[in-house]
Structure formats: C-alpha cells, structure tokens
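Reckoned from all heavy atoms, side chains included, excluding hydrogens, waters and symmetry mates.
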Amino acid sequence: MRTTRTRCWFLMLLLVGLLLSLPPGGDCIQQQQHEDNSMDEDDAFLLDMDLPTMLDRADIAYFYQQGLDELADIMQFIFERSSRIPRDDDDDDDGGGVPDRLLARGSGFAFTTRTKLLHDLEQAMYLGSSGGGDGDGSLPLLVDETERAFFEEIAVPIYTAAIESIPESTPDNEIHFFSAAAAEIQEGEGKEEQQQQYLQFLQNIDLIYNKAWRPTFLEGDVDEITGELKPLLTSGTHQPRTYTPGEILVLDNFLTDTALKQMQQIMTQSTVWFEASMESINGGDYVTAASLDDGLSDKILLQLVYEIESALQLSLPTDDDDDLVLHDLWARKYKDGFAPKIAADVPVEGSNEEPAFQHVKYLNPGDLNSDIRVHLWLSSPPPTAQNDEDKSEDSTSSNDDDGLIIFHAQPPADFDFTSISSMDQVVETILRPSGFANTTVAHVLNRAVIFDAKLFHTRHDTSTSAAVNDNDDETRPSYPDSYRTELTILYGPPQAALSEEEGGGMGDILQRDEL
C-alpha cells in the first residue's frame, strides 16, 4: 500500500492570490475541487467493503491482530473519507457527518470552548510562522510554504474572529455555539449588513473548525541495511525489565531521541485535536484531545503500540489463551496549573483528621474493559510557582508531587459505573476505606507509566501561570511549550474490546452527554 498520502485536499484548495488578499476577519473562501489520491489494488478492495464511518474498539482489536500495515491502512483509509477532510461544496461525499459518539465527546463542528479555540489559534500561528518550528531547529515544521501561507493568512484571522465572538461572560471551559453570534444582530438600520457578516462568519468557521487541514501521517524510519523499521524504544527500556500484571512500572528515557521528536511533531503539528474539554460535559481539566478513531492514527504511533507490547512482554493477567490487543489510544493537552485538591498523603493543614479527598470531579475511573494502561509524557514539566525567596535558576523545574496519582484500591469485580450517582460514592466506598493509598509518579519528559487500567487515578499539577511574570513575554512559554501533552494507550483481551455503544470508549469519563 502507498507509503505517503497526497494532502491535496488543501494544497489544491487555495490560490496564492486569494491567500495573500484575504482581509482580517475573513472573506468567503472558495474551495477548488481536490484531486483523488492514486489508488492501488488494496485501496480498491477497501472501497468495495461496507466499512463504517469510524471504527469502534471491536474493529480496532480485529485489525490490530492483522498487523501494523493492515491497521494503519484501514485507520487512515476511513479517516480520509470522513467529514474531517475538507471537501469541495459540490462533493457529494460529505464523509457522513460527525458520529454521535464524537459529538458526545465534544468533537463537533458547531460548538467549542474558548480554551479550545485559543489552542487552535496558537497552533495555526505556529504552523503559519516563518521560523521553521522551534528556535533551535530541534522540531522542524513539516508544512511547506503553501501550507504555511494558508495558516497565516486564512486560519489565523478566522480563529481570531471566532474567539472575539465569544461573550466575555462565558467561562473558558464552557460550551459555546457559533450560532450564538446571531443574537448580536440588532433590529433596524444596518441589520442586513450584520446578517451578511454573520453568514460569512459561519461559512468561514464551517470551513476551518475541526477540519483536518494538516494531518501529519508520519511513519517510522526504515533501516537502510535491514529494511526493518527502526526501534522507537530505547534499548534499556525492556532489558531486563518487563511488565508484571498488577505492578506500577515506571520507565524513563522511554523513547529514543529521534522517536520522541517524531511524536512531538505529531502532537504539535497535526491538526486532529477535535475534542473540546467542557466543564459540564467531561470535567474540563484538559484543553483538547485527539483520539485514535478520529485522526490520531499516524503509522509511527501504531508502531509504538506494537513495540511496547513486544518489548515489555505485555500479557493478560490471567491464563487466558487470547492475545493482548489494542483497545484505544488518545492524547490530551493541558494548560495552566491543575490540582485535583487531593491530600492523599498529608492531612489538611491545621487538622488532625484523616487525609481529605476534597474534590473528586477529575477522578478518572479507569477502564473496566481493559487490563493495561500506558501513560507517556511527551512534553516537559510545566513551571512551578515559587515564593520569591525560593526562586532559583531552576525555577521552572517540576514539583516531585506533580504528575499522576494512582490509587491502589481495586474496584469490585461487579462494579458498575452506571449505578452510581457521583464520584463521591466511589470515594466513600472504595478509596476512603483504603486510606487513599496511592503511588504518585512525577511528571518527567519521556517517562512512561504502565499500570492496571482499572485503577482510579488523577493528575496533580501545582504549576500555575503565576510561575512566570504575566507581563514578561520573554519568560512566558509559547506554543507548543505552553501545553503539556500526555499519550495514553489501553490494551486488553479481544472479547472485551466493546464498541462505545456497548460500554467501551475512551474509558476516562464517567458519562458523556450527547450534544
């Protein structure tokens, strides 16, 4: 099957003259008919199959067992025909719209949050910059000049206008519908012009928001001598350590330097960050997320999934003859300090009471259908706020208590999340009786944590924007350093790879309302 995909859906989309002449705020953007990618025999065979608009866990588990090439090809094939890919207005194949379960995650086209839009704007500014990526050249941009001009001249003005359309009274992590701008249209003189501007605004947003304008589709490097894919894990990662079911295994320097940079390129440059984290829907502790079944399916990421299973000798915790399979994969971006108010080891100051679980909104219930969870930090720890007298040259180092808190208490075998009214019930019946026993794994770049996927866990992040001077642009982190990126992989038995409709899914959210 072809090793590279032509990104002609937007390379052929805009003329240079249109790119350079679009005024701030955005005019109507005309799309040109994109050319179909060349298709080999394998692709033609896929076209004859009755494939779904997106794969569920059972599908992913099946194709995972077929091998890396087959899994990568089917994931990319389906995504390229989804509604995420920009198309000409006359194209009859609209990708089938956004499936309900993506809407339920917060990944629709018609709504967003301020923090999600700010991320998209910062990413567009980064991809549209002429600096070529990071200042030291360690993370070069993958975009060409046409793509760069698109983000600078088209995407940035539209995202800016979208952010300005959100009322100041709207909380940063609360849902905002783009159609709400209609409420600003006043009766009387100038109404017709306002209506035209409103329609233009919706047309521009419809073109840009949550579209895959620049998926990376990165593949692993091939060894010129052996013809095999170069390893992504460092040689010391799996020798002599292997994963024993039930343990919490921490591995530093997990990826090779080259592999780490490639993963960071995907996380910073691929425009597949469709999920908006909303306070009322999924907790709001992160900014945005990307998932395997919605574009985060670069072949090198899938290579990593296979390599981890093999190198660490992952297996099911029982004597089951079934092979371990991939259940899910996603990444999330976080910004600003986040502390779940868990005093798991230390009593509340000034009190002799037992350790207090003060806030449970962001407690992740784990995944009852999976067995092994891999958590990988792909960005450096954030700056930590310190008192003036404590500041030193290393003032941006991470607090050792910041990172992932994994509680040791196992949920009962018959535990059913749908039967509980709130996470407070979990705290009182499962965590408090165990004294909140936990292991806290500090956030370290290129550190992996492997543990039982069913365990309750949460993040602890005492960093804050106050760690840098708000008025000091030289010290304030810019994109992509302003976000912390974490990758999660779930493994389990094939028979438990349920579709989301049957109870599977990303596994971190107690419940997701459909929008």
Side-chain angles (χ1 to χ4, degrees), residues 64 139 216 218 220 230-238 241-243 247-270 272-273 275 285-292 296-314 324 326-334 338 364 366-367 370-382 398 402-406 439-453 455 457-461 480-481 483-492 506-508:
Y64 181 80
L139 200 63
T216 47
L218 280 186
K230 293 182 179 180
L232 304 176
L233 303 183
T234 56
S235 58
T237 294
H238 57 281
R241 293 306 308 274
T242 57
Y243 174 74
E247 74 170 318
I248 298 176
L249 178 61
V250 180
L251 297 170
D252 288 330
N253 301 315
F254 193 63
L255 303 174
T256 66
D257 291 343
T258 299
L260 177 60
K261 292 299 181 185
Q262 290 171 317
M263 297 298 168
Q264 290 174 329
Q265 282 182 309
I266 295 172
M267 300 302 160
T268 61
Q269 299 183 37
S270 186
V272 295
W273 296 90
E275 183 174 330
D285 64 319
Y286 57 98
V287 173
T288 184
S291 55
L292 172 65
L296 190 64
S297 53
D298 296 57
K299 190 173 183 178
I300 192 172
L301 273 172
L302 301 177
Q303 177 190 341
L304 175 62
V305 174
Y306 284 95
E307 199 168 320
I308 290 174
E309 179 196 349
S310 174
L312 300 179
Q313 300 179 24
L314 301 185
L324 199 71
L326 172 66
H327 276 192
D328 213 340
L329 175 152
W330 68 86
R332 287 178 176 170
K333 289 185 180 181
Y334 299 83
F338 167 70
N364 291 321
D367 192 295
S370 302
D371 287 296
I372 299 174
R373 182 186 188 104
V374 178
H375 186 97
L376 176 60
W377 281 288
L378 293 174
S379 58
S380 298
S398 175
D402 288 350
L404 194 66
I405 299 176
I406 305 169
T439 297
T440 298
V441 183
H443 177 170
V444 174
L445 172 64
N446 203 15
R447 166 177 283 181
V449 189
I450 304 173
F451 59 98
D452 188 335
L455 293 179
H457 55 281
T458 191
R459 297 175 65 253
H460 188 265
D461 183 356
D481 297 332
Y483 292 89
R484 277 92 71 194
T485 306
E486 302 174 7
L487 177 69
T488 297
I489 304 170
L490 291 180
Y491 298 90
M506 290 184 68
D508 263 2

Pairwise side-chain contact, [X] with [Y], heavy-atom cut-off 4.5 Å (strictly under):
{"X": "Leu296", "Y": "Ile266", "result": "yes"}
{"X": "Lys230", "Y": "Thr258", "result": "no"}
{"X": "Leu292", "Y": "Leu302", "result": "yes"}
{"X": "Ile300", "Y": "Met263", "result": "yes"}
{"X": "Leu487", "Y": "Leu329", "result": "yes"}
{"X": "Pro231", "Y": "Glu307", "result": "yes"}
{"X": "Leu255", "Y": "Leu233", "result": "yes"}
{"X": "Phe451", "Y": "Val441", "result": "no"}

Closest heavy-atom contact between [X] and [Y]?
{"X": "Arg484", "Y": "Ser380", "answer": "CG-O, 3.8 Å"}
{"X": "Trp330", "Y": "Arg332", "answer": "NE1-NE, 3.8 Å"}
{"X": "His457", "Y": "Ile406", "answer": "CB-CA, 4.2 Å"}
{"X": "Leu324", "Y": "Tyr64", "answer": "O-CE2, 3.7 Å"}

Calculate, to the nearest 0.5 Å, the distance between atoms [atom1] and [atom2] belonging to [X] and [Y] respectively.
{"X": "Leu232", "Y": "Tyr306", "atom1": "CG", "atom2": "OH", "result": "13.5 Å"}
{"X": "Asp367", "Y": "Leu490", "atom1": "CG", "atom2": "CG", "result": "5.0 Å"}
{"X": "Lys299", "Y": "Leu218", "atom1": "NZ", "atom2": "CG", "result": "12.5 Å"}
{"X": "Asp452", "Y": "Ile372", "atom1": "CG", "atom2": "CD1", "result": "8.5 Å"}
{"X": "Ile405", "Y": "Leu455", "atom1": "CD1", "atom2": "CG", "result": "13.5 Å"}
{"X": "Phe254", "Y": "Leu304", "atom1": "CZ", "atom2": "CG", "result": "6.0 Å"}

Backbone of [Y] reached by a side-chain donor or acceptor of [X] within 3.5 Å:
{"X": "Tyr491", "Y": "Ala453", "answer": "no"}
{"X": "Gln264", "Y": "Leu378", "answer": "yes"}
{"X": "His443", "Y": "Ser379", "answer": "yes"}
{"X": "Trp273", "Y": "Met267", "answer": "yes"}
{"X": "Thr234", "Y": "Asn253", "answer": "yes"}
{"X": "His375", "Y": "Arg373", "answer": "no"}

| request: Applying side chain to side chain donor-acceptor pair (under 3.5 Å) between Tyr286 and each of Glu486, Glu275, Lys333, report the one that passes. | output: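 For Tyr286, the side chain to side chain donor-acceptor pair (under 3.5 Å) test succeeds with only one of Glu486, Glu275, Lys333, which is Glu275.
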
